[in-house]
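Okay, structure first, notes after.
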Amino acid sequence: MSDNLTQTETQKENVARALDEIANVGKDFLNGNSEAREKLVASARELVTAAETPVESLLWHIWALPTRTVAARAAVDLKIFETAVHDGGKAKTDSELAAPTGASPALVKRIARTCVSMGMLDEQGPGLYAPNDLTRLLARPEYAAGITFCFDITQMPFAQLPTYLRDNKFENPQNGVDGPFQYAHKHTGHAFGWLMAHPEVFQAFHSYVHTLRRHRPSWVDMYPVQEHLVQGLKSGDASALVDVGGGLGEALQDFHAAVPQFTGKLVLQELPEVIAAAQAKGVDKDSRIELQVTDFFKPQSLKGARAYFMRSVLHDWPDEQCRIILGHLKDAMEPGYSRILISDCVLADQHAAWQHLSLDMYMMAQTSAQERTETEWRELITSCGLKVAGIYNKGEGNEGLIEVVLE
Ligand SMILES: C[S@@+](CC[C@H](N)C(=O)[O-])C[C@H]1O[C@@H](n2cnc3c(N)ncnc32)[C@H](O)[C@@H]1O
């Protein structure tokens with residue numbers, strides 16, 4: 001093991017390897033290969049890990065990471081990012097950053113300088129702050145909503161998770177109505193019930209998830225939509241693409257814009273509160289989109305649809321509940337024609353992407369559920385008497401698309 005003063009041979013070898021990798025992928029990136037960018041970021045992270053001593057790594061994890069999350073959340077309430085971009089982004093003192101909220105300039109300085117250490121803000125001199133690209137992003141409510149939602153709903157269950165696991169003899173959380181979320185929030189019922197009672201948090205969820213998705217590959221970019229959905233499309237209910245648990249209808253709106261040649265019905269199925277929110281948002285002004293109140297734990301009313309689409313739905317539920325949801329869809333499918341399309345993370349069996357692993361811990365804390373590896377997806381789907389027809393993916397750490405048909 002190395003200390004802060006001595007470099008070990010292994011450490012030098014690891015650093016040399018990481019530097020070579022950075023030089024190689026860095027060249028590809030500078031030559032305009034856009035796929036090299038993700039590799040460059042991964043290699044740069046490997047270099048940091050290789051160059052750090054184990055003690056530095058430990059301090060990074062126990063000091064830097066948790067405190068930065070808190071500082072970022074406080075910065076949103078203090079409107080630090082919004083204020084920093086005012087007046088064309090001219091540099092501001094801590095007193096100027098504090099003025100809109102009337103907060104203590106001394107407090108704002110402590111939060112702002114921590115934001116600087118995260119690259120969320122630039123520091124042009126002692127106590128003088130200016131926005132950068134990330135500040136400008138976070139000054140927009142739909143991006144800042146990501147910080148608010150992830151912190152407000154999950155930090156309490158995370159803080160209590162070790163105690164919860166100890167109290168429950170280290171069982172893998174599998175009960176969506178009696179798990180880490182209920183333990184920490186002193187809530188009875190599923191996290192979705194809590195969200196319905198906190199509409200501002202639910203809005204923050206839909207806002208940030210929808211916004212961030214625009215920066216990631218869509219399922220229509222990885223799945224052969226033309227061959228598998230458009231060709232051979234029948235009429236009436238059989239023409240429907242049903243978005244089961246489809247939130248505020250963004251996936252259907254995006255699909256409509258991306259695949260205008262799909263002439264079938266677009267049906268949004270959701271809980272009553274979400275359908276009301278979708279109506280209030282004017283989703284049904286698009287005459288192609290039909291809104292239906294649904295409980296996916298009850299039999300599916302729209303039979304023989306072209307496709308039943310579910311995005312980020314099954315990762316909210318343990319296997320037992322997923323089998324009920326899939327079972328109802330299976331009963332509604334027309335053999336040789338209907339399919340279920342699952343848009344969710346498909347984890348690698350080894351060295352899973354950090355995004356997938358982070359979401360897995362979020363799912364554990366929020367809904368006693370999980371992200372699944374390809375093997376786990378196949379086992380779950382086969383156990384319902386259904387068959388995986390194909391798994392499509394694009395890039396690292398994104399949602400994949402699993403096509404499911406009747407056996
Ligand atoms: C993680 S969100 C995903 C929303 C949307 N599919 C998307 O990709 O943004 C899960 C959705 O499932 C819905 N949901 C939860 N329980 C449901 C139920 N029993 N029946 C129908 N929808 C439900 C929630 O209201 C929520 O909008």
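What you see is a predicted model; the values in this text were computed from it and never measured. Whatever order the structure lists ligands and atoms in, that order sets their numbers, starting from 1.
Between F158 and Y362, a ring centre-to-centre spacing shorter than 6.0 Å is recorded. Residues Y143 and Y208 place their aromatic rings such that the two centres sit no closer than 6.0 Å. Aromatic pair F202/W194: ring centres not closer than 6.0 Å.
For ligand 1, the atoms lying closer than 4.0 Å to a non-hydrogen atom of D316 are 1 (C), 10 (C). Listed by atom number, the atoms of ligand 1 under 4.0 Å from V274 heavy atoms are 25 (O). Less than 4.0 angstrom separates some heavy atom of G246 from each of these atoms of ligand 1: 5 (C), 6 (N). Ligand-side atoms of ligand 1 in range of F297: 19 (N), range being under 4.0 angstrom from any heavy atom.
Only the side chain of R213 comes within 4.0 Å of ligand 1, judged by heavy-atom distances. Residue D295 touches ligand 1 through backbone and side chain together, judged by heavy-atom distances below 4.0 Å. Only the backbone of T294 comes within contact range of ligand 1, with a heavy atom under 4.0 Å; no side-chain atom does.
Under 3.5 Å, the side chains of R323 and S383 contain a donor-acceptor pair of N or O atoms. A donor-acceptor pair shorter than 3.5 Å cannot be found between the side chains of H315 and Q370.
From the protein, the heavy atom lying nearest to atom 25 (O) of ligand 1 is E270 OE1, 2.8 Å. Remark: minimum distance from atom 20 (N) of ligand 1 to any protein heavy atom is reached at F296 N, 3.0 Å. Of the protein's non-hydrogen atoms, the one nearest atom 8 (O) of ligand 1 is R311 NE, 2.7 Å.
The N/O atoms of W317, backbone and side chain alike, include none that comes under 3.5 Å of an N/O atom in ligand 1.
Taking each of A278, G245, S312 in turn, the one with a heavy atom nearest to atom 11 (C) of ligand 1 proves to be G245.
By the 6.0 Å contact criterion, CZ on F29 is open, its count of non-hydrogen atoms from other residues, nucleotides or ligands being 12 or less.
Distance check, rounded to the nearest 0.5 Å: CD of E371 to CG of D344 gives 6.0 Å.
Judged by a 6.0 Å distance limit and a 45° cone about the ring axis, R306 is positioned over the six-membered ring of Y337.
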